[in-house]
Amino acid sequence: MEILRYVFLVFHLFGFAAILGGIFYQLRGKDPVTGGYVVTSAVVQLVTGVGLIWTRHALDLPVSDPKMGVKLALDVLVAAVALVGMRNRKPWPFFTVATLTAAEVVVAVVW
């Protein structure tokens with residue numbers, strides 16, 4: 001079970017890196033838009049985050065449920081806004097996804 005927790009953690013970090021890397025790459029362009037890679041990465045974040053919570057509960061490790069609730073809500077918002085941005089091809093969802101991702105990092109590190 002411990003190995004599964006580490007697998008979830010690695011893929012959770014890969015999902016975060018893909019979102020943040022895509023954001024920085026798109027900032028180089030003239031009109032940044034949200035691509036399909038952000039939606040895929042947000043879904044990876046969501047699934048692996050739930051998997052991390054599940055494995056921590058299964059291993060009787062401490063879990064801050066309010067923190068996990070906030071992170072889960074931010075994950076859902078990132079995925080929803082990324083999906084809207086991919087369909088509309090406007091710049092506002094791109095910047096919203098970037099802001100929500102930064103907020104998620106702050107919650108994960110500071111809280």
Side-chain angles (χ1 to χ4, degrees):
M1 187 66 84
E2 188 71 22
I3 293 172
L4 182 61
R5 185 174 72 90
Y6 285 127
V7 168
F8 280 137
L9 180 62
V10 167
F11 280 101
H12 194 69
L13 293 174
F14 283 163
F16 166 71
I19 291 173
L20 201 58
I23 287 170
F24 284 130
Y25 180 76
Q26 284 287 324
L27 281 175
R28 295 174 27 172
K30 189 176 180 182
D31 295 322
V33 293
T34 306
Y37 60 90
V38 177
V39 175
T40 304
S41 301
V43 170
V44 167
Q45 285 281 100
L46 190 60
V47 170
T48 58
V50 169
L52 280 169
I53 294 168
W54 172 72
T55 55
R56 289 188 68 86
H57 277 295
L59 292 170
D60 290 328
L61 295 172
V63 177
S64 173
D65 288 328
K67 176 182 176 179
M68 294 304 113
V70 169
K71 283 186 55 63
L72 183 63
L74 286 172
D75 278 338
V76 169
L77 280 173
V78 167
V81 172
L83 188 61
V84 168
M86 189 178 78
R87 292 181 182 216
N88 290 347
R89 309 300 286 175
K90 305 255 191 232
W92 72 263
F94 171 81
F95 293 109
T96 304
V97 166
T99 303
L100 290 172
T101 303
E104 191 170 355
V105 170
V106 169
V107 168
V109 173
V110 176
W111 188 341

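Numbering of residues begins at 1 and proceeds along the displayed sequence. When reading the values below, keep in mind they use all heavy atoms of this one structure, side chains included, and skip hydrogens, waters and symmetry mates. Please read these numbers as outputs of a predicted model, since none were measured by experiment.
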Identify whether [X] and [Y] are in the same connected component of the hydrophobic contact network (ILVMFWY, side-chain heavy atoms under 4.5 Å).
{"X": "Leu52", "Y": "Val109", "result": "no"}
{"X": "Val39", "Y": "Ile23", "result": "no"}
{"X": "Val7", "Y": "Val47", "result": "no"}

What distance separates [X] [atom1] from [Y] [atom2], expressed to the nearest 0.5 Å?
{"X": "Leu13", "Y": "Leu9", "atom1": "CG", "atom2": "CG", "result": "5.0 Å"}
{"X": "Ile53", "Y": "Asp65", "atom1": "CD1", "atom2": "CG", "result": "8.0 Å"}
{"X": "Glu2", "Y": "Leu4", "atom1": "CD", "atom2": "CG", "result": "10.0 Å"}
{"X": "Glu104", "Y": "Ile19", "atom1": "CD", "atom2": "CD1", "result": "7.0 Å"}
{"X": "Phe95", "Y": "Leu27", "atom1": "CZ", "atom2": "CG", "result": "6.0 Å"}
{"X": "His12", "Y": "Asp75", "atom1": "NE2", "atom2": "CG", "result": "6.0 Å"}

Could you name each residue pair satisfying ring-ring contact (aromatic ring centres under 6.0 Å, His included) that touches residues 13-44, not counting sequence neighbours?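 Every ring-ring contact (aromatic ring centres under 6.0 Å, His included) pair that includes a residue of residues 13-44, provided the two are not neighbours, is Phe11-Phe14.
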
Does atom CD1 of Ile3 have more than 12 heavy-atom neighbours from other groups under 6.0 Å away?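 Counting neighbours around CD1 of Ile3, 12 or fewer heavy atoms of other residues, nucleotides or ligands fall under 6.0 Å, so no.
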
Would you indicate whether Arg87, at its atom CZ, is surrounded by more than 12 heavy atoms from other residues, nucleotides or ligands within a distance under 6.0 Å?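 At most 12 heavy atoms, drawn from other residues, nucleotides or ligands, come within 6.0 Å of this atom.
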
Can you confirm whether [X] sits close enough to [Y] that some side-chain heavy atom of one is under 4.5 Å from a side-chain heavy atom of the other?
{"X": "His57", "Y": "Val63", "result": "yes"}
{"X": "Leu77", "Y": "Val97", "result": "no"}
{"X": "Phe8", "Y": "Thr48", "result": "yes"}

Closest heavy-atom contact between [X] and [Y]?
{"X": "Ser41", "Y": "Ala18", "answer": "OG-CB, 3.0 Å"}
{"X": "Arg89", "Y": "Gly35", "answer": "NH1-CA, 4.2 Å"}
{"X": "Ala108", "Y": "Lys67", "answer": "O-NZ, 3.2 Å"}
{"X": "Ala82", "Y": "Val38", "answer": "CB-CG1, 3.7 Å"}
{"X": "Arg5", "Y": "Thr55", "answer": "CG-OG1, 3.4 Å"}
{"X": "Val78", "Y": "Ala42", "answer": "CG1-CB, 3.9 Å"}

Who pairs with Val70 by side-chain contact (heavy atoms from CB on, under 4.5 Å), at least two apart in sequence or on another chain?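 Partners of Val70 under the side-chain contact (heavy atoms from CB on, under 4.5 Å) test: Leu74, Val107, Trp111.
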
Working for side chain to side chain contact (heavy atoms under 4.5 Å, CB included), residues Val33 and Phe94: CA-CA 5 Å; Val33 293; Phe94 171 81; 5.7 Å; no

